[in-house]
There are 2 protein chains.
Amino acid sequence: MILSDITDIKQTPQRLAIIEYLELNRVHPSALDVYKAVSEKFPTMSFATVYNTLEKLKEKRLIIELSIDTGKKRFDCDTRPHHHLICVKCREIFDVFTEFILELPEDEFQGFDIIGNHVDFYGICKKCKDIEGLGSEQNKD
Amino acid sequence: MILSDITDIKQTPQRLAIIEYLELNRVHPSALDVYKAVSEKFPTMSFATVYNTLEKLKEKRLIIELSIDTGKKRFDCDTRPHHHLICVKCREIFDVFTEFILELPEDEFQGFDIIGNHVDFYGICKKCKDIEGLGSEQNKD
DNA sequence: TCCTAATTTAGAATCAATTTAAGTTGAGAA
DNA sequence: TTCTCAACTTAAATTGATTCTAAATTAGGA
Ligand SMILES: [Mn+2]
Ligand SMILES: [Mn+2]
Ligand SMILES: [Zn+2]
Ligand SMILES: [Zn+2]
């Protein structure tokens, strides 16, 4: 997503700050993450503005909404097709750009027109492994 | 999941009804779906009981919680490893038991210990295609 | 049968997200 | 440059899903 992609919609200071945050923080932030960060620059900014802006950017296909966490939307400002690597401990999400060939056999189609796929890899990130390692040998999950 | 798997926890009528519903309705229902169906048999049953039971079954690894929909948990009573085929219109979820080889190249590991993966296929289900087809040629999304 | 920890329940609380309605403003028109 | 108004922002109310609470009930072992 680049600024010149923002057409048809007004370039307000709040929107530009939200877009800048998304560009610089490619950690698949939640709406709250965006709000916290951007409201430091715009203390009067409303939560609704964050949601409105994210919704508008989604409509314009400049960002993607992820449903990786239940109960909380997360946003991806990289709209290229790619997969994800998710830490089951801290829920950090990393990008995976390897392409996979995923041919679904005819008999699994269930009458669908298939339009895409997405792979989630699950694991424990470096940071969480290190934390686990601390707290003596008998680690208490 | 079979009844004999239910050990360590009390077999209450409410729980048995919830489990029976899950066994017979393998459409990856939400907590509300479960509540609606089971409360017809137990009109005084509380929503909290549905959540408590689903949580307990999840702990015992007899069901899996899906985060396919943001804002709404969905549950899968088939704990065998498998993938999903999701209708982007009606959000129905079908099972895919084909196995895929998904080798992530070392340089994409990001320091993770990888423990699993899951593929979501997206598409339009038969039912939704048929609905689209109606409403004359110029179909309005 | 008795006992009690586990479970159920109704209702309150919480959290993310959406809606509302009133005030403000970006940017095209004059 | 100024005018205009649809688009936008805002605080507050609302909704919907889920979790918590505290009191009443109960499954199942002793
Ligand atoms: Mn991504
Ligand atoms: Mn499934
Ligand atoms: Zn982690
Ligand atoms: Zn469908």
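A, B, ... follow the sequence lines: proteins, then strands. Residue 1 opens every chain.
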Taking ring pair (Phe, Tyr, Trp, His ring centres under 6.0 Å) as the criterion, tell me which of A/Phe100, A/Phe121, A/Tyr122 meets it with A/His83. A/Phe100

Would you call the rings of A/His28 and A/His84 parallel, tilted or perpendicular, taking 30° and 60° as the class edges? perpendicular

Of the listed nucleotides D/dC20, D/dT26, C/dA27, the one nearest the side chain of B/Lys10: D/dT26

Measuring only between side-chain heavy atoms, which start at C-beta, is A/Glu20 closer than 4.5 Å to A/Lys41? yes

Write down the distance between CG (B/Asn52) and P (D/dT25), rounded to a whole number of angstrom. 18 Å

Along DNA chain C (nearest heavy atom to each residue), the more 5'-positioned of B/Pro43 and B/Gly71: B/Pro43

Rounded to the nearest angstrom, tell me the gap between atom CE in B/Met45 and atom P in D/dT26. 15 Å

Rounded distance in Å - CD (B/Gln14) to P (C/dA6): 17 Å

When you compare the side chains of B/Thr49 and B/Gln14, does any donor N or O come within less than 3.5 Å of an acceptor on the partner? no

Closest nucleotide of DNA chain C for B/Pro13 versus for A/Phe47: which of these residues is on the 5' side? B/Pro13

Take B/Asp76 and B/His82, measure what side-chain hydrogen bond (donor to acceptor under 3.5 Å, both in side chains) needs, and give me the verdict at the end. CA-CA 11 Å; B/Asp76 194 335; B/His82 67 279; 3.0 Å; yes

If you look at every strand shown and take non-hydrogen atoms under 4.0 Å, does B/Thr12 touch a base, only sugar-phosphate, or nothing? sugar-phosphate

Given C/dA6, is OP1 or OP2 found less than 4.0 Å from the side-chain N or O atoms of B/Arg15? no

Would you please confirm or rule out a distance under 4.0 Å between OP1 or OP2 of C/dT18 and any side-chain N or O of A/Lys73? yes

Roughly, in whole Å, what's the span from CD1 in B/Ile9 to P in C/dT7? 7 Å

From the set C/dA10, D/dA12, C/dT8, return the single nucleotide nearest to any side-chain atom of B/Thr53. C/dT8

How close or far is atom P of C/dT19 from atom CD of A/Glu55, stated in whole angstroms? 9 Å

When the distance from CD of A/Glu65 to C1' of C/dA17 is rounded to whole Å, what number comes out? 10 Å

Would you kindly give the CG-to-C1' distance between B/Asp8 and D/dA27, to the nearest whole Å? 14 Å

Would you please confirm or rule out a distance under 4.0 Å between OP1 or OP2 of D/dT19 and any side-chain N or O of B/Tyr51? no

Select base, sugar-phosphate, or nothing to describe what B/Lys72 touches, counting heavy atoms under 4.0 Å on all strands. sugar-phosphate

Report yes if at least one side-chain N or O of B/Lys56 is closer than 4.0 Å to OP1 or OP2 of C/dA6; otherwise report no. no

Between P of C/dT7 and CZ of B/Phe42, the distance in whole Å: 16 Å

Contact under 4.0 Å: B/Gln11 side-chain N or O vs D/dT26 OP1/OP2: no

For a quick check of understanding: with a heavy-atom distance under 4.0 Å over all strands, which category does B/Thr44 fall into, base, sugar-phosphate or nothing? sugar-phosphate

